[in-house]
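Below is one structure, written out as structure tokens; the observations come after it.
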Amino acid sequence: MSGGARFEYLLRLGDSCLVLGHRVSEWCGHAPELEEDIALANVALDLTGQADLLLGEAARTEGRGRDADALAFLRDAWDFRNLLICERPNGDFAHTIVRQFLFDAWQVELYAALTGSGDSALAGIAGKAVKEAEYHLRHSGEWVVRLGDGTAESRTRAQAALDALWPYTGEMFETDETSAALAAAHVAPDPESLRPGWTRIVDSILGEATLTKPQAGWMQTGGFNGRHSEALGHMLATMQFLPRAYPGAKW
Amino acid sequence: MYTQGLDQRPADGATKAGDDPAALAAFQARVDREEKIEPNDWMPQGYRRTLVRQISQHAHSEIVGMLPEGNWITRAPSLRRKMILLAKVQDEGGHGLYLYSAAETLGVPRAEMVDQLLAGKAKYSSIFNYPTLTWADIGAIGWLVDGAAIMNQVPLCRCSYGPYARAMIRICREESFHQRQGYELMLKLAQGTSEQKRMAQDALDRWWWPSLMMFGPSDRESIHSSQNMAWKIKRVSNDELRQKFVDATVPQGHYLGLTFPDPELRFDEASGHWTHGPIDWSEFNRILAGDGPCNRERMAARRKAHADGAWVREAAAAFAAKRARRQRAEAAE
Ligand SMILES: [Fe+2]
Ligand SMILES: [Fe+2]
């Protein structure tokens, strides 16, 4: 396995955390109730922490003198490797929660598999992060159930969010040369191997929530190749403003 | 944060009405013996009202205070800074939560307190009606605003009302952490590029006087603090707290190489204190009355979050009721 594949893979994981953490942090101070303000800030904080570790590891692998901050703040959108679902705008609370739930279910499966990785650095990060992901999943899953089985309005909103976000779930299980190389080297699981566990979690929660799972159909793709949605450029313009406006400054 | 002149409104010191004189005397004796008053204990009506108002205003301040700092979370310039700021704003939300709970022990539900805030009937610390214009403002808020909050709140850890005192102990620990992180942020800017130094100076220029105002009007003008002192809700005067803050903060600012926006600021050898120029109380009163740079925006943001979240809260309540019904039905089978 080449260092290039490991670098690519760490970017996929790290950028997904960074970008989703940023989105969730946009709620801060504006959530439906105080407990949710605190819970969402906590999710954003955990994801940013994971991004810091994963991008730090990516930077070491790359070995070109960049660090996690350089990767987060000084790359343009085409060099980002996050799942597209992570950059979807927050929308209403149902949209944010359903996005989080679909992602958390994937992350729990992924990190659980990575704890057994032959790559000790990655296994170490996953061992710490899997506990956070399980906590996030409990939180988002409970909300999906509450919204789905709450009022007529919350149910309509939750179903609309699920229908809108479903086409972004295909990317989680995409295989390509990078994922194949990592699987062959026992560094990371074959993405497709995560699907049964993810499906079990999703089916169970959607069932409890009395929501309808969307039909399998066309899936969005592009995040792993740097082909993003329009939303990411705007996010980066905000996120990267200070390091871009004051090059070389230390913060 | 943040109890500023939270004892602003005319006092509820009119305790006598309706309260039995013997009970009042026994209550005062307990307070004098430094016993903690607990939720189920008898207390004068004025004591209860004063505490509900002060604790709920304090809680509101924590919540509204999330907005100016939240304004920079998405623009924090490094991953470390983003995490520190997220953790801080999360802490402030937690402070709001403990404080609402402490106020609820006095018999007022949180929803009612929140409604009062949204209706514009409750105050919050005016410091949050100033804007955060640059990244340095995040440092200045931690250093100065959390710093002033600590000065105000440390004596409240000995407040006669038990639940409030206990909430303050936990809160003060976190506030001092915020203060140190804010100062460290300022230090980094002060040691940075000329633009970063400019940011730091500009933030001090804008936040210094409002921070001094956080302690509330001079004791000479405060009509009702004596009752609160006797009840040990308030334990140190506004002017004393302000002086302690100035004495602690001015050397810190000088260490940063910054200039305080007060030409009269000087060290008085005789008293051993830093003396400052006159505070513009007309600005304080104007902002307290609603005419500050961000009063309308802050309230609009809180109202919008509350209104947009209504369907979510309704869904949670409807789901909880459904689940309870199902559990009863299962138990009956
Ligand atoms: Fe606070
Ligand atoms: Fe604080």
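Every chain is numbered from 1, with letters handed out A, B, ... down the list of sequences.
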Start with the C-alpha distance between B/Arg110 and A/Glu35, add both sets of side-chain angles, then the distance that settles salt bridge (Lys or Arg N to Asp or Glu O under 4.0 Å), and finish with yes or no.
-> CA-CA 12 Å; B/Arg110 194 213 300 182; A/Glu35 284 81 352; 2.4 Å; yes

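- For a residue to count as touching a neighbouring chain, one of its non-hydrogen atoms must lie under 4.5 Å from one of that chain's; by this rule B/Gln90 touches chain A with backbone and side chain alike.
- B/Pro77 is not listed as a side-chain neighbour of A/Phe73, based on a closest heavy-atom distance of 4.5 Å or more.
- When heavy atoms are compared at a cutoff of 4.5 Å, B/Leu79 approaches chain A by way of both its backbone and its side chain.
- Between the side chain of A/Glu26 and the backbone N or O of B/Ile73, no donor-acceptor pair lies under 3.5 Å.
- Using a 4.5 Å cut-off between heavy atoms, B/Arg323 makes no contact with chain A at all.
- Note on ring orientation: taking the six-membered ring where Trp is involved, the planes of A/Phe241 and B/Trp72 are tilted (angle from 30° to 60°).
- Contacts of B/Ala320 with chain A are absent, with no heavy-atom separation under 4.5 Å from either backbone or side chain.
- Proximity to chain A (any heavy atom under 4.5 Å) is shown, for B/Val312, by both the backbone and the side chain.
- The part of B/Leu67 that comes within reach of chain A is its side chain, from C-beta onward, which places non-hydrogen atoms under 4.5 angstrom from that chain.
- Formation of a donor-acceptor pair under 3.5 Å by the B/Arg75 side chain with backbone atoms of A/Gln240 is not found in this model.
- Of all non-hydrogen atoms in B/Met66 and A/Gly29, the two that sit nearest each other are CE-N, 4.4 Å.
- At a threshold of 4.0 Å, the pair B/Arg80-A/Asp52 does not count as salt-bridged, since none of the basic side-chain nitrogens sits closer than that to a carboxylate oxygen.
- Using a 4.5 Å cut-off between heavy atoms, A/Ile97 makes no contact with chain B at all.
- For a residue to count as touching a neighbouring chain, one of its non-hydrogen atoms must lie under 4.5 Å from one of that chain's; by this rule B/Ile63 touches chain A with the side chain only.
- Only the side chain of B/Met199 comes within less than 4.5 Å of a heavy atom of chain A; its backbone N, CA, C and O stay farther away.
- Both the backbone and the side chain of B/Thr74 come within contact range of chain A, judged by heavy atoms closer than 4.5 Å.
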